[in-house]
Amino acid sequence: MDTLLQIIGFGPAALGLFITADRNGRLQQLLDCGLQVHERSASLEQWDGLGYEIEANSPIADFLGGIRRDGVFAQCLDQPQVQRWLQVPEQVVPLVQVSAFLRQLAQVIIERCQAHPRAAIHFAHGVEDVRCEADGFTVSGGWGNSSSRYLVLACGARVRELQPQEAMPATSVLCSDRVLRGRVDPILRQTLEQGRPVVVLGGSHSAFSVVGYLLERFTGLLGLGSIQVLCRRRPALWAASTRVAAPLGAQDRVDEDSGEVNRFCGLRGAAQDTLLQIEAGARASVVLHIGSTDPQPWLARGALLINATGYRPRLPGLLDAQGRQLRLDQRDGNLCKHPQSHELTVGGQAVRGLFGTGLGFSDRRGATLEVGVNFFHGRCAGNILHAVL
Ligand SMILES: Cc1cc2nc3c(=O)[nH]c(=O)nc-3n(C[C@H](O)[C@H](O)[C@H](O)COP(=O)(O)OP(=O)(O)OC[C@H]3O[C@@H](n4cnc5c(N)ncnc54)[C@H](O)[C@@H]3O)c2cc1C
């Protein structure tokens, strides 16, 4: 088998694998071993990783801290704007700016792979099925198929679908992801202009990011109670978001490079501020309903619903060598990993050679997950590279 490793998805988490390989001085080895990346976006121009119209939920240092200054990404760090970020590493910048920076990192990786006979990043290569065989994996899509010894799923996550009992007319429901990417502003504007309420369902980070987005984008159109937020329980607040994060709990681990606590639980940054302002009565246009999650009465009044009830891993079809469907173990919307080998599991058993990273594929630490920027400097990418190389 000519290819050691395939990666499905070329989003921020996949970039984290390359950033980590470069930081550990193993990027050349990774490419030499034979590497194929399959990304369903048509081209880098259409790539929109982290392209949300809100500010990042952590300082820019989190994105930059894991990148080796004298490595292959040095040219990206040398730009004037990034130099300004490095001078004030605790500043928080809009995610669309982060996204543009990540695209530049992606460009560097693409060029490296183009110059290498055994490595390639393929755009317009959506993977539909993965077959797990004794000696590796065959992935296939409309473009053909390809095999490797190891496979990393880095396909991200999609907004959780509403359950049948929560079903409602599709025209009344938007998903939080599209709202935060600024793709449905006309519908939101029309709803608010007609005096209809916007109901945000969920207490996730995305839910309060959506509320913050609406407050900022549509200020002039918001009246008393224009935004109704329905949450099962009061969202938890991220408790250790600064470099000096004391006191640490028994399960907390501090990243050696950045000082960041590698866990994620509850609201953080601007989303947390939004919740606190609502609770303090400083946002009259927002009404918070804790413990009440039935949107039907609101829909009956013509409300527009935004589904922000969390994310679920986005998975291609997964088959065993006999063509039977494999169901990966999941817990709380995240795939489970073997505690020692870090491989994904089925029925508690590791699937040999199958790994995952990114949103929906995060490492678990105690009750919380390593997500977001931890893909750049956390342990997940390091564990995978250690196992594969
Ligand atoms: C509102 C919001 C705010 C956030 N804020 C932050 C933040 O401030 N900081 C932070 O670090 N993180 C933040 N995150 C988390 C952020 O989404 C993740 O860090 C990041 O996008 C995850 O990267 P990923 O590569 O796992 O997934 P994605 O970004 O979803 O990338 C997955 C990639 O895989 C491709 N793909 C999927 N399926 C297939 C397939 N079958 N075949 C081929 N290609 C495929 C996709 O096209 C995509 O390019 C936020 C998330 C949300 C929703």
Margin query: Check this for me: does any side-chain nitrogen of one of Glu279 and Arg234 sit under 4.0 Å from a carboxylate oxygen of the other?
Written below: yes
Notebook entry, point to check: Do you see a donor-acceptor pair shorter than 3.5 Å between the side chains of His125 and Glu39?
Noted result: no
Notebook entry, point to check: Got a sec, which residues hit side-chain hydrogen bond (donor to acceptor under 3.5 Å, both in side chains) with Gln6, two or more places apart in sequence or on another chain?
Noted result: His38, Ser146, Ser148
Note to self: Quiz question: by atom type and distance under 3.5 Å, do the side chains of Ser285 and Ser226 form a donor-acceptor pair?
What the structure shows: no
Item checked: Residues Asp185, Arg189: salt bridge by 4.0 Å N-O rule -> no
Next item on the list: State plainly whether the residues Glu161 and Arg312 are in salt-bridge range, i.e. N to O under 4.0 Å.
Entry: no
Notebook entry, point to check: Quick one: CD1 on Ile306 to CD1 on Ile227, what's the gap to the nearest 0.5 Å?
Noted result: 8.0 Å
Check: Pairs in or reaching into residues 270-305: which pass ring-ring contact (aromatic ring centres under 6.0 Å, His included), with residues at least two apart or in two chains?
Finding: His289-Trp298
Item checked: Polar contact flag, side-chain donor to acceptor under 3.5 angstrom, Arg232-Thr293 -> no
Notebook entry, point to check: Should Val179 and Leu221 be regarded as members of a common hydrophobic cluster, given that ILVMFWY residues are connected when their side-chain heavy atoms come within less than 4.5 Å of each other, either directly or indirectly?
Noted result: yes
Notebook entry, point to check: When you check the side-chain N and O atoms of Thr345 and Asp329, is any donor under 3.5 Å from an acceptor?
Noted result: yes
Notebook entry, point to check: Which residues pass the side-chain hydrogen bond (donor to acceptor under 3.5 Å, both in side chains) test with Arg84, sequence neighbours left out?
Noted result: none
Checklist line | Val351-Leu319 co-clustered via ILVMFWY side chain contacts under 4.5 Å | finding: no
Note to self: Counting neighbours of CZ on Arg112 that are heavy atoms of other residues, nucleotides or ligands and sit closer than 6.0 Å, is the number greater than 12?
What the structure shows: no
Check: When Arg40 is tested against each of His122, Arg314, Glu128 for side-chain contact (heavy atoms from CB on, under 4.5 Å), which residue passes?
Finding: Arg314
Next item on the list: Using the test side-chain hydrogen bond (donor to acceptor under 3.5 Å, both in side chains), find all partners of Asp332 that sit at least two apart in sequence or belong to another chain.
Entry: none
Note to self: Under 3.5 Å, is there a donor on one side chain and an acceptor on the other for Gln87 and Gln83?
What the structure shows: no
Note to self: Are Leu50 and Val93 connected into the same hydrophobic cluster when the rule is that any two of I, L, V, M, F, W, Y join if their side-chain heavy atoms are below 4.5 Å apart?
What the structure shows: yes
Margin query: When you compare the side chains of Gln75 and Gln104, does any donor N or O come within less than 3.5 Å of an acceptor on the partner?
Written below: no
Check: Taking only residues two or more places apart in sequence, or in another chain, which ones meet Arg158 in a salt bridge (charged side-chain N to carboxylate O under 4.0 Å, His left out)?
Finding: none
Check: Are Leu174 and Leu222 connected in the hydrophobic side-chain network, where two residues link if heavy atoms are under 4.5 Å apart?
Finding: yes
Item checked: Pairs meeting criterion ring-ring contact (aromatic ring centres under 6.0 Å, His included) with involvement of residues 325-356, two or more places apart -> none
Notebook entry, point to check: Does NZ or CZ of Arg181 come closer than 6.0 Å to the centre of the six-membered ring of Tyr52, within 45° of the ring's axis?
Noted result: yes
Next item on the list: State whether the number of non-hydrogen atoms from other residues, nucleotides or ligands found under 6.0 Å of Gln91 atom CD is greater than 12.
Entry: yes
Notebook entry, point to check: Can you get from Val92 to Ile67 by hopping between Ile, Leu, Val, Met, Phe, Trp and Tyr side chains that sit under 4.5 Å apart?
Noted result: no
Notebook entry, point to check: So, are Arg68 and Asp70 salt-bridged, with charged N and O less than 4.0 Å apart?
Noted result: yes
Notebook entry, point to check: How far apart are the closest heavy atoms of Asp32 and Arg118, and which atoms are they?
Noted result: O-NH1, 2.8 Å
